[in-house]
K.L.:
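After the structure tokens below, expect a handful of questions from me.
Computed over heavy atoms, backbone and side chain alike; hydrogens, waters and symmetry mates excluded. Below, chains carry the letters A, B, ... as their sequence lines are ordered, and counting in each starts from 1.
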Number of protein chains: 2
Amino acid sequence: MPKIVDAAERRRAVADAVFSVIGRRGLEGASLRNVADEAGLAVGSVRHYFSDHSELLIFAMKEMSRRFEERVRSHVTRLSSTQGEAERRAVAEALLGEFLPLDATRREEAAVWQAFVTAARVRPELQPRAREVLEGMRDVVARVLGSAQRAGGLRDDLDVGLESVRLCALLDGLTLQAVQAPDLLPPDVLTDVLRSHLRTLSGGA
Amino acid sequence: MPKIVDAAERRRAVADAVFSVIGRRGLEGASLRNVADEAGLAVGSVRHYFSDHSELLIFAMKEMSRRFEERVRSHVTRLSSTQGEAERRAVAEALLGEFLPLDATRREEAAVWQAFVTAARVRPELQPRAREVLEGMRDVVARVLGSAQRAGGLRDDLDVGLESVRLCALLDGLTLQAVQAPDLLPPDVLTDVLRSHLRTLSGGA
DNA sequence: ATTTTTCTGGCACAACTGTGCCAGAAAACG
DNA sequence: CGTTTTCTGGCACAGTTGTGCCAGAAAAAT
């Protein structure tokens, strides 16, 4: 029959091209032509795998969130199989640190994601994924804080719901500003702020 | 001589049109034609007051930050002329609350500003203003925390520098998420989180 | 009333966009 | 080898963009 290509992998490769282009020229630079060029394909080829420009962006968003959530999930399983208060604290910190752009790669990733989320406000097709990720983040953070409190690593008088919101906002805010002005928020400052915040939650003076 | 028009006011009116358009259709919708339509002008007229599309956006950004900083400044002077710990605490909270989108108007404003900042990452002309605002926010927050500590309203063992970074990130993160999902972060939750955060800074259990 | 200068509106052009369409290449099966 | 079907590349078209250019309106000063 025909030339056979792994369509799923192709789509992923094109998504990578989307990430590169958005990273370099923003979402408005992610035209079919630019993306095709970046992927080393012709526009017609890209359109063979994506019916629409919208579908391309939606898939790219979904792909990025999928990879990210996989990373977080691995931290979650590691956390649930960890014993001992100090160890659990360290793993939890690493898990939450996954939400921060602690190196150039993740900073670009965060920038691309911000572009998606910002665009989603006026592009209904992009809203579902943006919202899912935000809700997923809330869930994970709430779960981590909840289990920490049950394990005695967290002050008893804390309202886990409120603290989850606060921590999520802190992580997102740190990310936002680190993307905007990396020199004002270098990786070590990010981790300092996170660690210090967690210390206030665990009852240490 | 010629028909005389208050050029400064015209420019401000056009900037308002820019805000509306960005609020409704995002930054990529802020073309000269769309903005001119929104302002009830012809493209040629808009171009008479702005040499460039870039200059239009830069001016709009500057105008928005100017108005915002004016609001903050008024809170600052009110704070400096306030006596009594409880009163000072309330005024400080109101000041910091000015950074949050506590109503629909400020939520749209915040969304527009986010569009500017996001775009600034790949548009060098927009970076200066974005950075100034971020640094201005840092300055104000650091000043507020510093004076609170000197006045005894803040725990002595706190590192004001670190706490400023943390508080700035928290405010920005709350704003970001409130813009993205207003139903998850309604105004009363925003103020709850801020108040609770400030309580942890002032030594209350 | 004439002049002078700001201001207005719009035409035109090149560059870009997404998309419809299709001819031909490429490769696995008969 | 030939057939069939996926895949590729590209042309064409309508729509949008920023910008250059300019004719004429509008109004203040002479």
Side-chain angles (χ1 to χ4, degrees), chain A residues 1-18 20-22 24-61 115-116 118-120 122-126, chain B residues 1-61 115-116 118-120 122-126:
Chain A
M1 301 242 183
K3 173 165 34 175
I4 276 212
V5 172
D6 184 338
E9 189 166 306
R10 248 314 148 71
R11 283 164 68 94
R12 260 172 284 152
V14 176
D16 281 329
V18 171
S20 295
V21 173
I22 295 181
R24 202 171 342 108
R25 328 210 329 191
L27 217 179
E28 21 173 314
S31 68
L32 283 182
R33 282 162 181 84
N34 289 344
V35 170
D37 280 2
E38 176 76 26
L41 299 174
V43 178
S45 298
V46 174
R47 290 193 58 214
H48 182 257
Y49 295 97
F50 298 94
S51 63
D52 234 12
H53 185 236
S54 273
E55 203 218 317
L56 170 61
L57 293 188
I58 292 172
F59 176 82
M61 237 179 132
F116 279 132
T118 301
V122 291
R123 292 212 211 174
E125 336 93 71
L126 304 183
Chain B
M1 300 247 187
K3 172 162 37 172
I4 276 211
V5 172
D6 184 339
E9 189 166 308
R10 243 321 143 70
R11 283 164 69 92
R12 258 172 285 150
V14 175
D16 281 330
V18 171
F19 301 151
S20 295
V21 174
I22 295 181
R24 203 172 340 108
R25 328 207 334 188
L27 216 180
E28 22 172 313
S31 69
L32 282 182
R33 281 161 182 84
N34 289 344
V35 170
D37 280 2
E38 176 76 27
L41 299 174
V43 177
S45 298
V46 173
R47 290 194 58 213
H48 181 256
Y49 296 97
F50 298 94
S51 64
D52 234 12
H53 185 236
S54 273
E55 203 217 318
L56 171 60
L57 292 189
I58 292 173
F59 176 82
M61 237 179 132
F116 279 132
T118 301
V122 292
R123 292 212 210 173
E125 337 92 72
L126 303 184

K.L.:
Looking at Glu55(A), is its backbone amide N or carbonyl O close enough to the side chain of Asp52(A) to form a donor-acceptor pair, meaning the two atoms are under 3.5 Å apart?
P.N.:
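Checked: no pair found.
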
K.L.:
Give the table of side-chain donor-acceptor pairs shorter than 3.5 Å for residues 29-47 of chain A, with sequence neighbours excluded, one pair per line with atom names and distance.
P.N.:
residue	atom	partner	partner atom	Å
Ser31(A)	OG	Asn34(A)	N	3.2
Ser31(A)	OG	Asn34(A)	ND2	3.4
Asn34(A)	ND2	Gly29(A)	O	2.7
Glu38(A)	OE1	Arg24(A)	NH2	2.5

K.L.:
Arg123(B) CZ to dG18(D) C1': how many Å, rounded?
P.N.:
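Value for this atom pair: 12 Å.
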
K.L.:
Who are the ring pair (Phe, Tyr, Trp, His ring centres under 6.0 Å) partners of Phe19(B), not counting sequence neighbours?
P.N.:
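Partners of Phe19(B) by the ring pair (Phe, Tyr, Trp, His ring centres under 6.0 Å) criterion come out as none, since no residue qualifies.
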
K.L.:
Name every residue in residues 8-30 of chain B that has at least one heavy atom under 4.0 Å from any atom of DNA chain D, in order of residue number, or write none if there are no such residues.
P.N.:
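Output list: empty, so none.
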
K.L.:
Working to the nearest 0.5 angstrom, can you tell me the gap between Met61(B) CE and Leu56(B) CG?
P.N.:
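Separation between the atoms: 12.5 Å.
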
K.L.:
Output the residues of residues 34-45 of chain A in contact with DNA chain D, where contact means a heavy atom of the residue under 4.0 Å from an atom of the strand; sort by number or write none.
P.N.:
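When residues 34-45 of chain A is checked for heavy atoms under 4.0 Å from DNA chain D, the hits, listed by number, are Ala42(A), Gly44(A), Ser45(A).
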
K.L.:
According to ring pair (Phe, Tyr, Trp, His ring centres under 6.0 Å), who are the partners of Phe50(B), at least two apart in sequence or on a separate chain?
P.N.:
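Phe50(B) satisfies ring pair (Phe, Tyr, Trp, His ring centres under 6.0 Å) with Phe59(B) once adjacent residues are dropped.
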
K.L.:
Enter the distance from Tyr49(A):OH to Arg11(A):CZ here, rounded to the nearest 0.5 Å.
P.N.:
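It comes to 10.5 Å.
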
K.L.:
Are side-chain heavy atoms of Ile22(B) and Val18(B) found at a separation under 4.5 Å?
P.N.:
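They are in contact (side-chain heavy atoms under 4.5 Å apart), so the answer is yes.
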
K.L.:
Give, ordered by number, those residues of residues 46-56 of chain A having at least one heavy-atom distance below 4.0 Å to an atom of DNA chain D; if nothing qualifies, reply none.
P.N.:
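Contacts with DNA chain D under 4.0 Å: His48(A), Tyr49(A).
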
K.L.:
Map Asp6(B) and Arg33(B) onto DNA chain C by nearest heavy atom, then report which one ends up closer to the 5' terminus.
P.N.:
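Residue closer to the 5' terminus by nearest nucleotide: Asp6(B).
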
K.L.:
Does some side-chain heavy atom of Arg123(B) sit less than 4.5 Å from a side-chain heavy atom of Glu28(A)?
P.N.:
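Yes. Closest side-chain heavy atoms under 4.5 Å.
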
K.L.:
List the steps and the verdict of side-chain contact (heavy atoms from CB on, under 4.5 Å) for Arg25(A) and Val122(B).
P.N.:
CA-CA 6 Å; Arg25(A) 328 210 329 191; Val122(B) 292; 5.6 Å; no

K.L.:
Evaluate the side-chain proximity of Leu27(A) to Leu57(A): yes if any heavy-atom separation is below 4.5 Å, no if none is.
P.N.:
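Side chain of Leu57(A) against side chain of Leu27(A), heavy atoms only: contact under 4.5 Å found.
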
